[in-house]
Amino acid sequence: MYFLLVYDRERGVLLSERVFESREDALQSRFRSEKEHRDGGHNVEIVVVGAASREDLQRTHGRYFFSLRELGERTNVAAR
């Protein structure tokens with residue numbers, strides 16, 4: 001699976017998330033999203049990430065899904 005994530009860096013908020021089976025479809029959607037957010041400044045990050053599941057994606061790219069506090073709590077739990 002390929003996940004297209006649109007993330008507002010300034011606010012620390014995931015603006016949108018879409019799932020694709022095809023890498024090519026995900027990349028085409030990314031290019032369209034980049035055009036849509038072009039005038040939004042540099043605070044919007046648009047990425048395509050491959051992962052077997054959303055849970056795997058959250059584990060490897062947690063910053064898109066969790067606040068700093070939540071990430072810290074998850075790290076503390078994992079370290080125990």
Side-chain angles (χ1 to χ4, degrees):
M1 283 191 271
Y2 297 91
F3 295 83
L4 170 66
L5 306 176
V6 180
Y7 182 77
D8 185 321
R9 290 184 196 135
E10 185 176 338
R11 297 183 335 191
V13 174
L14 187 62
L15 300 175
S16 68
E17 171 185 355
R18 290 187 59 198
V19 181
F20 296 87
E21 293 296 324
S22 158
R23 179 178 178 267
E24 292 77 22
D25 290 343
L27 290 174
Q28 288 301 315
S29 187
R30 175 188 173 184
F31 300 143
R32 285 191 299 276
S33 292
E34 287 175 345
K35 287 179 184 177
E36 291 173 19
H37 292 281
R38 185 176 300 155
D39 295 332
H42 298 288
N43 291 322
V44 176
E45 181 177 350
I46 303 169
V47 298
V48 171
V49 183
S53 68
R54 189 173 195 278
E55 291 77 22
D56 287 345
L57 183 65
Q58 287 179 318
R59 190 170 41 258
T60 59
H61 292 76
R63 75 182 191 91
Y64 295 114
F65 303 97
F66 305 107
S67 68
L68 288 176
R69 182 183 55 77
E70 290 169 323
L71 286 172
E73 290 170 0
R74 293 170 66 88
T75 302
N76 288 338
V77 169
R80 294 180 189 163

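Note that this is a predicted model, so its numbers are computed, not measured.
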Checklist entry - Do Phe65 and Leu57 have side-chain heavy atoms sitting under 4.5 Å apart? => result yes

Next on the checklist: Please report the interatomic distance CG(Leu5) to CG(Leu15), rounded to the nearest 0.5 Å.
Outcome noted: 10.5 Å

Checklist outcome for this item: In this structure, CD of Gln28 is separated from CZ of Arg23 (nearest 0.5 Å) by 11.0 Å

Item to check | Stepwise side chain to side chain contact (heavy atoms under 4.5 Å, CB included) check, Arg18 with Phe3 | outcome: CA-CA 6 Å; Arg18 290 187 59 198; Phe3 295 83; over 6 Å; no

Checklist entry - Is Arg63 positioned over the aromatic face of Tyr7, cation under 6.0 angstrom from the ring centre and no more than 45 degrees off axis? => result yes

Checklist entry - Would Gln58 and Tyr64 satisfy side chain to side chain donor-acceptor pair (under 3.5 Å), going step by step from the backbone distance to the final call? => result CA-CA 8 Å; Gln58 287 179 318; Tyr64 295 114; over 6 Å; no

Item to check | Distance in Å, Leu14 CG paired with His61 NE2, rounded so as to fall on 0.5 Å steps | outcome: 12.5 Å

Item to check | Short side-chain to backbone donor-acceptor contact, Ser29 and Asp25, under 3.5 Å | outcome: no

Item to check | Shortest non-hydrogen separation from Leu4 to Ser33 and the atoms involved | outcome: CD2-OG, 3.8 Å

Checklist outcome for this item: Closest non-hydrogen contact found for Ala26 with Tyr2 is CB-CB, 3.8 Å

Checklist entry - Are the charged groups of Arg30 and Glu34 less than 4.0 angstrom apart, N to O? => result yes

Next on the checklist: Val44 vs Val6, test: side chain to side chain contact (heavy atoms under 4.5 Å, CB included). Steps then yes/no.
Outcome noted: CA-CA 7 Å; Val44 176; Val6 180; 3.7 Å; yes

Item to check | Closest contact, heavy atoms only, Arg11 versus Asp8 | outcome: N-OD1, 3.0 Å

Next on the checklist: Less than 4.5 Å apart, side chain to side chain, heavy atoms only: is that true for Lys35 and Arg38?
Outcome noted: yes

Item to check | CG-CZ distance between Asp56 and Arg54, expressed to the nearest 0.5 angstrom | outcome: 12.0 Å

